Asker: 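Take a look at this one; I'll ask things after.
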2 protein chains.
Amino acid sequence: MSTFVGWFSHSQISTMTKILLVEAHAIVRIATKLILNEILGPVNIHESQSFGASLDQLASDQFDLVMLDLTIPEGESYHMIQKLRAIQPGVRILIFSAKDESLYAPHYLKAGANGYLTKLAPDAEIKKAILAVLNDERYVSTTVRQQLGHNTSTTGLNHDSPLQYLSPREMEVMDLLLKGKWTKEIAGELKITISSVSTYKTRIFEKLEVSNLIEMFNKVQLYSGSQS
Amino acid sequence: MSTFVGWFSHSQISTMTKILLVEAHAIVRIATKLILNEILGPVNIHESQSFGASLDQLASDQFDLVMLDLTIPEGESYHMIQKLRAIQPGVRILIFSAKDESLYAPHYLKAGANGYLTKLAPDAEIKKAILAVLNDERYVSTTVRQQLGHNTSTTGLNHDSPLQYLSPREMEVMDLLLKGKWTKEIAGELKITISSVSTYKTRIFEKLEVSNLIEMFNKVQLYSGSQS
DNA sequence: ACATTGTGTAGTATTATGTCTACATTTGTT
DNA sequence: AACAAATGTAGACATAATACTACACAATGT
């Protein structure tokens with residue numbers, strides 16, 4: 001059952017490949033390590049169970065790849081990409097998340113991730129994604145690839161996720177809103193005024209064509225089955 | 001690194017232990033199988049990627065244990081317990097979910113689950129949970145155990161939904177709230193003052209033990225079952 | 001290079017909502 | 001029957017949220 005695929009091509013890396021798993025769920029880390037060993041052979045894997053911890057690890061060690069879960073404790077949505085890159089500009093970042101890819105992938109790719117892999121992906125797809133990113137290719141599922149291609153408006157019909165039209169900041173606010181945070185709380189968390197949060201809220205509602213939280217909840221739920 | 005613990009005690013089961021993993025994420029299934037093999041030795045594992053599929057499998061095969069993720073496609077919150085038991089009354093059910101245990105565990109235990117294991121649990125805890133449930137013990141984390149102990153008033157088999165404690169008027173207001181109506185609108189519709197609506201809202205939140213609309217939404221979803 | 005749209009951010013005035021308190025009616029309980 | 005708890009309802013007052021408006025700066029289109 002060993003599916004050792006061999007070293008990834010163009011192997012510029014002479015020392016052992018070093019990978020950081022940023023993932024709070026032990027059960028996921030276990031299987032990920034297994035898969036990494038299957039496709040890469042002996043490999044140097046470090047783990048973080050919070051985003052803060054991952055920053056520390058990046059600061060003290062050079063990594064080839066970071067596999068990043070989005071629902072990590074201390075997570076800061078798309079800012080995480082920037083913060084990781086601020087420490088190691090060249091590090092490859094593969095998002096590995098349970099959040100619906102068609103909803104979130106475009107945003108994270110835009111923010112600079114090298115790939116977005118959903119946890120719904122089968123075994124083979126996971127391997128493909130890891131190898132692709134290690135070879136400096138961008139990884140997205142075919143679904144998302146089509147989605148990204150489509151929305152360059154050729155057909156009047158686009159049944160893409162409405163979330164695509166949200167700006168990064170709006171996205172961030174929406175996530176917090178979806179967690180049940182109130183305006184004031186969000187303002188504090190993002191260190192902006194309540195007024196600004198209100199503005200985002202208004203714009204989000206407009207873009208999503210909803211008029212209240214519940215409708216928004218339903219609309220997003222529609223596209224994003226699960227995440228917990 | 002093999003942590004084979006041996007057969008679980010009181011092994012009434014002569015044939016090979018049969019386990020059903022109801023889990024949409026391949027990555028989680030992989031590690032779970034690994035762990036099961038570590039603690040139980042050779043074991044007969046089946047997998048379902050949707051709740052519907054799991055019902056089919058239960059109907060055609062006898063299982064010792066079902067490990068059930070709550071965010072499974074076609075999932076129906078706590079009704080799933082009843083439906084599984086309707087097919088195999090004696091089957092042990094261990095919830096294995098990423099949802100916050102202190103919020104959800106009590107409800108699922110009341111609904112009849114044999115244990116609630118969070119995906120945040122470390123390796124060792126996962127093993128403990130599986131073995132406990134296979135030995136017909138109820139498994140909960142120590143956190144939740146304390147939580148359950150606290151409200152001794154509810155300790156007595158009260159396995160109904162908190163929605164039952166709402167008065168008719170409160171129920172009415174809640175329904176409107178769930179439709180996204182705002183306070184003012186509800187007041188108009190029910191021909192009472194805004195102030196009264198506010199009072200109901202407060203009482204509803206108290207009874208449901210939630211602090212905002214989103215939590216309320218989730219809680220109600222939990223008890224009033226399926227739709228998607 | 002210039003015009004336009006999108007994005008991040010707030011101030012202020014206005015409006016909505018929540019909190020605390022209160023009280024008359026039911027309803028439930030010994 | 002007698003008393004306690006739950007229910008339906010509000011007023012006064014305090015706090016929170018929104019609508020407008022505005023503006024700088026980035027991104028994009030022509």
Side-chain angles (χ1 to χ4, degrees), chain A residues 76-79 81-83 106-112 148 151-154 158 160-217, chain B residues 153-154 156 158 160-217:
Chain A
E76 303 168 50
S77 76
Y78 73 100
H79 294 296
I81 309 282
Q82 299 158 12
K83 291 203 174 175
H107 290 280
Y108 281 93
L109 293 171
K110 201 168 178 187
L148 289 175
N151 66 8
T152 341
S153 74
T154 336
N158 77 9
D160 309 312
S161 136
L163 288 204
Q164 266 186 279
Y165 305 120
L166 297 188
S167 78
R169 204 54 158 169
E170 286 161 0
M171 197 76 172
E172 211 175 353
V173 169
M174 190 198 68
D175 274 345
L176 266 2
L177 246 17
L178 250 22
K179 285 184 188 157
K181 311 258 169 135
W182 1 285
T183 306
K184 195 180 156 193
E185 215 175 344
I186 296 174
E189 223 161 291
L190 301 183
K191 298 203 177 76
I192 54 182
T193 62
I194 290 177
S195 178
S196 298
V197 177
S198 260
T199 304
Y200 293 134
K201 209 168 163 180
T202 304
R203 289 180 185 165
I204 292 167
F205 280 21
E206 273 170 21
K207 290 185 182 179
L208 261 42
E209 299 176 296
V210 298
S211 51
N212 58 50
L213 255 194
I214 298 289
E215 278 181 35
M216 178 176 96
F217 194 88
Chain B
S153 49
T154 341
N158 144 10
D160 21 51
S161 110
L163 294 188
Q164 289 198 317
Y165 302 125
L166 297 188
S167 77
R169 205 54 159 168
E170 286 162 358
M171 202 70 134
E172 212 171 343
V173 170
M174 191 195 69
D175 277 346
L176 266 0
L177 244 18
L178 250 20
K179 285 184 186 155
K181 310 262 168 127
W182 53 142
T183 307
K184 195 178 154 194
E185 214 177 344
I186 296 174
E189 221 160 297
L190 301 182
K191 301 210 175 70
I192 54 180
T193 62
I194 290 177
S195 178
S196 299
V197 177
S198 261
T199 304
Y200 293 134
K201 209 167 164 179
T202 303
R203 289 181 184 164
I204 292 167
F205 279 24
E206 272 170 22
K207 290 187 181 177
L208 261 43
E209 298 176 296
V210 298
S211 52
N212 59 48
L213 259 193
I214 299 289
E215 275 179 34
M216 178 176 97
F217 196 88

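Note that this is a predicted model, so its numbers are computed, not measured. Sequence lines set the chain letters: A, B, ... in the order given, protein chains first and strands last, and positions in each chain run from 1.
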Asker: Could you tell me the separation between the CD1 atom of B/I194 and the C1' atom of D/dA12, rounded to a whole number of Å?
Answerer: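 About 14 Å, once rounded to whole Å.
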Asker: May I ask you to say what A/S167 touches in the nucleic acid, namely base, sugar-phosphate or nothing, with a heavy-atom cut-off under 4.0 Å?
Answerer: sugar-phosphate
Asker: Taking the axis from the first five pairs and the axis from the last five, what angle separates them in the helix from C/dA1-D/dT30 to C/dT30-D/dA1, rounded to 10 degrees?
Answerer: 50°
Asker: Using whole Å, what does the distance between atom C1' of nucleotide C/dT5 and atom CD of A/E206 come to?
Answerer: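 Answer to the nearest Å: 14 Å.
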Asker: Just how far, in rounded Å, is P of D/dT18 from CE of A/M216?
Answerer: 11 Å
Asker: If you check every side-chain atom of A/S198, which of D/dT9, D/dT18, C/dT9 has the closest atom?
Answerer: D/dT18
Asker: Got B/M174 and B/L208 here, is their nearest side-chain heavy-atom distance under 4.5 Å?
Answerer: yes
Asker: Which one, D/dA17, C/dG8, D/dG11, comes nearest to the side chain of A/K201?
Answerer: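 My answer, after comparing the listed nucleotides, is D/dA17.
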Asker: Can you tell me whether the side chain of B/T202 and the base of C/dG18 have a donor-acceptor pair closer than 3.5 Å?
Answerer: no
Asker: Tabulate protein N/O versus nucleotide N/O from nucleotides 21-27 of chain C, keeping only pairs under 3.5 Å, one per line.
Answerer:
none

Asker: Are A/Y108 and A/Y78 an aromatic pair by the rule of ring centers under 6.0 Å?
Answerer: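 That pair fails the under 6.0 Å test.
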Asker: Any non-hydrogen side-chain atom of A/L166 less than 4.5 Å from a side-chain atom of A/R203?
Answerer: no
Asker: Between A/T193 and A/S196, is any side-chain donor less than 3.5 angstrom from a side-chain acceptor?
Answerer: yes
Asker: What's the closest nucleotide to the A/K207 side chain, out of C/dA10, C/dT7, D/dA12?
Answerer: C/dT7
Asker: Please list, by residue number, the residues of residues 180-193 of chain B whose heavy atoms come closer than 4.0 Å to an atom of DNA chain C; answer none if no residue qualifies.
Answerer: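 B/W182, B/T183, B/K184, in order of number.
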Asker: Can you tell me how far C1' of D/dA16 sits from CG of A/L213, to the nearest Å?
Answerer: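 Rounded to whole Å, this separation is 14 Å.
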